[in-house]
Asks: 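One structure, pasted below without further comment.
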Amino acid sequence: MRIPELFRTASFRLALGFSLAFSTITVLLLAFIFYQTTILETRRVDRFLITDSKAASREPVEQLSRELGLRVGHGLFEGLRRLNFAGLFAPSGQLLAGNIPRLPEGLSADGRPHTLSLVLDDDPAAAPEPVRAIARRLPGGEVLVLMRSLADLERMRYVILRAIGLSLAPALGLALTAGIFMSLRALRRVKDVHETMARILSGDLHERLPLTGTGDDFDQLAAAVNRVLDELGRLLEQLKGIGNDIAHDLRTPLSRVRARLERARAHEEDAEALREAIDRAIIGLDQVLGIITALLRIGEIETRRRAGFAPLDPAQLAREIADLYAPIAEERNIAFRLALPPAPPPIEGDRELLLEALANLVGNAIKFTPEGGEVALEVRAEGRGAAFVVRDTGPGIAPEEREFVFKRFYRSDKSRHVEGSGLGLSLVKAIADLHGFAVRINDGPAPDGKGAVFILDCAPAPSA
Ligand code: ADP
């Protein structure tokens, strides 16, 4: 794996961002501690120096010099006393009492604390150390100096700065290592996905992206892609099935036409028989053309958009269908009934397509109903809109068949003897889907449950 590829991964950049944020927080935290310990501690020292020097300056010089002698005298606990220094100097600069050998240079007697760097050890070769010092002139001209060593504070500052330096590098290193590790893992999985995709593209549609089972983002993404692949596979299978169905359903009428023509050719001397054979062949070819036209029509409707929809009166549509189909029903000795509510709510749709769907439903009802039966077309005012209901007293459709009859070329075994292509209800379904309407099949109205009820529910779908 090339190095730049690693640095380009999202996880590496994320880790880098995290480590930078982490470092910034660490630095800010340590800076805060640094501020608290140095600035605030210096202020605290200053407060003591000011109060102590003020209080001392109010005492008589003799008492002050005695107290100073006691306070900073040499002896036991010398080491501890090395933090505080005090000195009372005569106006001439001579030390009267205290542990500061001489008046520190550059320290003005202004009663305000200053930071100085002084050699406080008895050994003059010792390194100077930082002190906070205050000098105050007494009424008699003497100068009182109080000092506090800042060496401890300095050491603490050094420790904090070292902590910043020492903690930052490992923290950054750790975060970057984690980033590189995560990126390598991510890249490995991306590589797996690439390889699987390549196999799928080369035709192995049963391949699926690997899942680790951790349920992480990658797994979720891979599971989603796998679902898409499943669906694509299903659609492809369906498409293959449709292709086979089309071939099969065209082969039967075409072979019939071919057989008839062949037979006619064998008896070519009989002109009447020849004409009849040609007529039948034409009928057969019309059937083939009808199937092709219906298939193209379904395809066209499925890709059509909802543009051009207008409000329509469902009662008017039903009346037009009744005008067309009542005479056909009568011819076959089937009673045709039309039931309309007084003022059904309008529906939104394409007039021609809805007429086509209704014609298919009513046409089927008449086709499958035996002589003496009844077909009814009803418009029902539903809560949110209108619904068309087509009832018949034919053989009905078994509940287990109801979801299949809308598929292309599906024909029930019961209806094999009736002419048809198995495409009418597919067309109805395509038209309903285009409108966002639902088509349902219910049990028939006959007492023995016979007959079919088709409901085209034109109430707008909740999502539409
Ligand atoms: P076709 O009528 O050309 O066979 P359709 O797609 O219109 O094709 O119908 C598919 C199948 O559904 C029919 O073959 C038949 O089995 C069944 N079917 C449709 N309408 C009815 C009905 N009103 N009564 C009984 N069966 C029906």
Side-chain angles (χ1 to χ4, degrees), residues 27-166:
V27 168
L28 283 178
L29 194 70
L30 290 172
F32 178 70
I33 297 173
F34 187 79
Y35 170 80
Q36 286 284 327
T37 47
T38 58
I39 312 283
L40 295 187
E41 182 59 18
T42 309
R43 275 196 208 145
R44 201 174 67 90
V45 168
D46 286 357
R47 258 198 322 276
F48 289 139
L49 288 177
I50 293 168
T51 359
D52 279 6
S53 67
K54 266 189 193 161
S57 64
R58 280 195 290 272
E59 288 188 23
V61 174
E62 295 75 35
Q63 193 185 336
L64 192 62
S65 97
R66 225 183 7 259
E67 275 180 18
L68 273 182
L70 280 176
R71 191 169 146 195
V72 295
H74 294 266
L76 210 55
F77 307 127
E78 171 65 6
L80 283 176
R81 288 202 196 93
R82 284 269 302 109
L83 286 174
N84 297 311
F85 299 87
L88 182 64
F89 296 92
S92 60
Q94 190 202 340
L95 176 70
L96 297 177
N99 59 353
I100 303 171
R102 74 199 79 77
L103 197 61
E105 262 174 53
L107 177 65
S108 58
D110 54 5
R112 267 181 287 165
H114 299 274
T115 300
L116 300 174
S117 187
L118 294 177
V119 177
L120 292 164
D121 233 292
D122 293 337
D123 175 8
E129 60 181 279
V131 290
R132 202 71 181 148
I134 192 166
R136 195 177 277 277
R137 195 168 287 282
L138 302 184
E142 297 86 357
V143 178
L144 171 71
V145 178
L146 295 180
M147 296 198 303
R148 162 110 189 162
S149 166
L150 295 181
D152 283 357
L153 208 59
E154 194 72 356
R155 265 191 293 280
M156 197 151 26
R157 262 191 224 194
Y158 172 73
V159 168
I160 292 173
L161 284 176
R162 239 170 79 100
I164 293 181
L166 286 181

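Please read all numbers here as calculations on a predicted model, not as lab measurements.
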Asks: Does CD belonging to Q63 count more than 12 external heavy atoms closer than 6.0 Å?
Replies: yes
Asks: Using side chain to side chain donor-acceptor pair (under 3.5 Å), reason through T38 and R157 one step at a time and then give a plain yes or no.
Replies: CA-CA 7 Å; T38 58; R157 262 191 224 194; 4.6 Å; no
Asks: Can you confirm whether I134 sits close enough to L107 that some side-chain heavy atom of one is under 4.5 Å from a side-chain heavy atom of the other?
Replies: no
Asks: With a 4.5 Å heavy-atom cut-off, do E59 and E67 have their side chains touching?
Replies: yes
Asks: Hey, are the side chains of L95 and L103 touching, using non-hydrogen atoms and a 4.5 Å cut-off?
Replies: no
Asks: Less than 4.5 Å apart, side chain to side chain, heavy atoms only: is that true for M147 and N84?
Replies: no
Asks: Between A135 and S108, what is the shortest heavy-atom contact and its length?
Replies: CB-O, 3.8 Å
Asks: Is there a donor-acceptor contact under 3.5 Å linking the side chains of E129 and S149?
Replies: yes
Asks: Checking the side chain of N99 only, and the main-chain atoms of G87 only, is there a donor and an acceptor separated by less than 3.5 Å?
Replies: no
Asks: Report yes if some heavy atom in the side chain of V131 is under 4.5 Å from a heavy atom in the side chain of T115; otherwise report no.
Replies: no
Asks: Under a plain distance cut-off of 3.5 Å, with no hydrogens placed, do S53 and R136 share a side-chain donor-acceptor pair?
Replies: yes
Asks: Is the shortest side-chain N to carboxylate O distance from R155 to D152 below 4.0 Å?
Replies: yes
Asks: If you take all heavy atoms of S117 and P128, which pair is closest and at what distance?
Replies: OG-CB, 3.6 Å
Asks: Decide yes or no for F89 and V145: does some side-chain heavy atom of the first lie under 4.5 Å from some side-chain heavy atom of the second?
Replies: yes
